[in-house]
Number of protein chains: 2
Amino acid sequence: MISKKCKYAIKALLYLADHQEDDRSIFSSEIAEQELIPKKFLETILRELRNFQFVQSKRGKTGGYKLLKDPKEINLADLMRAVDGPIAMLPCVSLNYYANCEECDEKICQIKPVFEEVRDQTLKILNSTSIDSMRQERL
Amino acid sequence: MISKKCKYAIKALLYLADHQEDDRSIFSSEIAEQELIPKKFLETILRELRNFQFVQSKRGKTGGYKLLKDPKEINLADLMRAVDGPIAMLPCVSLNYYANCEECDEKICQIKPVFEEVRDQTLKILNSTSIDSMRQERL
DNA sequence: ATAAACTCTATTAACTTTATAGGAATTAGA
DNA sequence: TCTAATTCCTATAAAGTTAATAGAGTTTAT
C-alpha cells in the first residue's frame, strides 16, 4: 500500500498539471479544497515536493505552487520513491533503498527471485507512467 | 513492503516443504533456530497459518507442524493475503480487500488505472508462484 | 500597514508492527 | 502417575510509522 501522503502528492501534482494556464501559481488551499486533502498536511507535502524539485513555490499574497518540470518528465516511480521510499516489497530487492537481510544468505535465498520479478514488472509500469500520461489515460 | 511476519511465514512454509520426509512433524523451535526467527513470534505466525489451513499442528512431546497442502497448491498471493492483507497499492484497487475512496470519484480517478495495472502484473506473478516453485527456482 | 500566502519546527494522536510474558492444555514415555 | 516437551492462548508492551495539527515566523502585493 502506498501512504495517503503519497496519494495526496500524486493528486496535488495532477491538479497542478490539470490547472496550470499561463504561468499562474495555484494556492495550496485551492488544491486542498478541491481534492479534499487536509490543508496543513498538504502544505508539508508540497514543501517536500518543492525540496525534491517537483514544484516551485512563491510566497506572499499572490503566491502558490506550480510544476517545476514538464508533466511528461515527472514519472511515478521517482515521485513515489521521494514520498514513500522504497517501491520493492523486500529491502534486499530494492534498487534505490537496498538493505541486506540479517537472517538469510541472499545467494541461496528462495524468496528473493519472485520479488525481484515483481519489482521489475512494477517498475516497468511506474517508470513509464508520468503525470501527463495519467491525465491522458482513459482505458 | 511485505511485513517481517509475512517473510517469516514464507520461510516457515519453505522450511516445512524442504524438510518434510515421511510424515514427521517439525518443531517450531527447529524452524526458529534454523531460519533465525524469534521463537515466540513464530509460534503466533504458525498458529495463524494453521487457522488459515496452510499447516497442521500436533501438540505434545512429539508435536510440531507439517504442511496441510501440497507445496504446489500453496500460492504466494493467497499466503500474503492471509498474513498481510491486501496486495494492491490502493484500497480502491484491491480485489479482496476493496475499500472506496472517500475523497475521490472513482469513475474519473486519474490514479486508479496505473495501480490496477500494477496489481494485475503483480498478481500474475504471485498467483503463479507456489511454495514448490520457489524451491525449484534458480535463475 | 494589512491581508494572505508560504515556511518551519515541534508535537500529538492513532495505528501498526514486532515482538514478549506467562501460563494452560496436550501428549509420549519412563 | 509424573515429567518433559511441545503447542495453544490471551494479554500486553515496546518501538516505529502514519496522518495530521498547532502556532508562530517570513514574504509579498496592494
Side-chain angles (χ1 to χ4, degrees), chain A residues 1-12 16 23-33 35-52 54-66 68 80 82-86 89-91 97 99 101-103, chain B residues 1-12 16 23-33 35-52 54-66 68 80 82-86 89-91 97 99 101-103:
Chain A
M1 286 277 171
I2 65 172
S3 67
K4 284 196 172 189
K5 184 174 163 187
C6 190
K7 190 180 171 191
Y8 293 158
I10 299 170
K11 290 208 163 194
L16 290 176
D23 226 27
R24 86 172 177 110
S25 289
I26 293 173
F27 300 146
S28 65
S29 56
E30 180 183 335
I31 306 174
E33 280 162 28
E35 299 295 332
L36 301 176
I37 301 170
K39 186 174 178 312
K40 276 288 196 177
F41 194 19
L42 179 60
E43 277 179 29
T44 72
I45 294 167
L46 286 167
R47 199 169 335 121
E48 279 188 46
L49 291 178
R50 183 207 55 190
N51 292 339
F52 281 110
F54 289 104
V55 301
Q56 193 175 26
S57 67
K58 191 185 163 211
R59 297 167 78 158
K61 196 161 185 178
T62 57
Y65 298 88
K66 56 184 160 188
L68 198 51
M80 288 172 60
V83 178
D84 270 357
M89 284 184 160
L90 284 177
Y97 295 84
C101 307
E102 315 93 19
E103 90 276 11
Chain B
M1 287 278 172
I2 66 172
S3 65
K4 283 197 173 187
K5 184 173 162 188
C6 190
K7 189 180 171 191
Y8 293 159
I10 300 170
K11 291 209 164 191
L16 290 176
D23 224 29
R24 85 172 178 110
S25 289
I26 293 172
F27 299 147
S28 65
S29 57
E30 179 183 335
I31 306 174
E33 279 163 29
E35 299 295 331
L36 301 177
I37 301 171
K39 186 174 177 312
K40 277 287 197 176
F41 194 20
L42 178 60
E43 276 180 32
T44 72
I45 293 168
L46 285 168
R47 202 172 330 123
E48 281 189 44
L49 292 178
R50 182 207 56 189
N51 292 338
F52 282 109
F54 288 104
V55 301
Q56 192 176 27
S57 68
K58 191 186 163 209
R59 298 167 77 158
K61 196 160 185 176
T62 56
Y65 298 87
K66 56 182 159 189
L68 199 50
M80 288 172 62
V83 178
D84 269 358
M89 283 184 161
L90 282 177
Y97 295 84
C101 307
E102 315 93 19
E103 90 277 8

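Each chain gets a letter, A, B and so on, in the order its sequence line appears, and its residues count up from 1.
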Considering all heavy atoms of both residues, which atom of [X] and which atom of [Y] are nearest to each other, and what is their separation?
X         : Y        : answer
Ser29(B)  : Lys39(B) : CB-CE, 3.9 Å
Ala9(B)   : Val83(B) : CB-CG2, 4.0 Å
Glu103(B) : Tyr8(A)  : OE2-CE2, 4.1 Å

Residue whose nearest DNA chain D nucleotide is more 5′ - Lys61(A) or Ser29(B) | Ser29(B)
Thr62(A) vs Lys4(A), nearer the 5' end of DNA chain D by closest nucleotide | Lys4(A)
What is the distance, rounded to the nearest whole Å, between atom [atom1] of [X] and atom [atom2] of [N]?
X        : N       : atom1 : atom2 : value
Lys7(A)  : dT18(D) : NZ    : P     : 16 Å
Asp84(A) : dG16(D) : CG    : C1'   : 15 Å
Tyr65(B) : dA5(D)  : OH    : P     : 17 Å

State whether the distance check finds a donor on one side and an acceptor on the other, under 3.5 Å, for side chain Arg59(A) versus base dT28(D).
-> no
So Phe54(B) and Glu48(B), side-chain contact (heavy atoms from CB on, under 4.5 Å) or not? Walk me through it.
-> CA-CA 9 Å; Phe54(B) 288 104; Glu48(B) 281 189 44; over 6 Å; no
With rounding to the nearest 0.5 Å, note down the distance linking [atom1] in [X] to [atom2] in [Y].
X        : Y        : atom1 : atom2 : value
Lys7(B)  : Met1(B)  : NZ    : CE    : 10.0 Å
Ile31(A) : Leu36(A) : CD1   : CG    : 13.0 Å
Glu43(B) : Tyr65(B) : CD    : OH    : 6.0 Å
Cys6(B)  : Met89(A) : SG    : CE    : 9.0 Å

Mind checking which nucleotides bracket the chain B contacts on DNA chain C, 5' to 3', with an atom under 4.0 Å from a heavy atom?
->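 Listing 5' to 3', DNA chain C meets chain B from dT18(C) to dA28(C).
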Which nucleotide in the set dA19(D), dA24(D), dT28(D) lies at the smallest distance from any side-chain heavy atom of Ser3(A)?
->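 Nucleotide nearest to Ser3(A)'s side chain: dA19(D).
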In residues 41-49 of chain B, which ones come under 4.0 Å of DNA chain D, going by heavy atoms?
->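 Result for residues 41-49 of chain B: Glu43(B), Arg47(B), sorted by number.
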For Phe52(A), which residues count as a ring pair (Phe, Tyr, Trp, His ring centres under 6.0 Å) partner, sequence neighbours excluded?
->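 For Phe52(A), no residue satisfies ring pair (Phe, Tyr, Trp, His ring centres under 6.0 Å) once neighbours in sequence are set aside.
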What is the nucleic acid contact for Ser28(A), judged by heavy atoms within less than 4.0 Å: base, sugar-phosphate only, or nothing?
-> sugar-phosphate
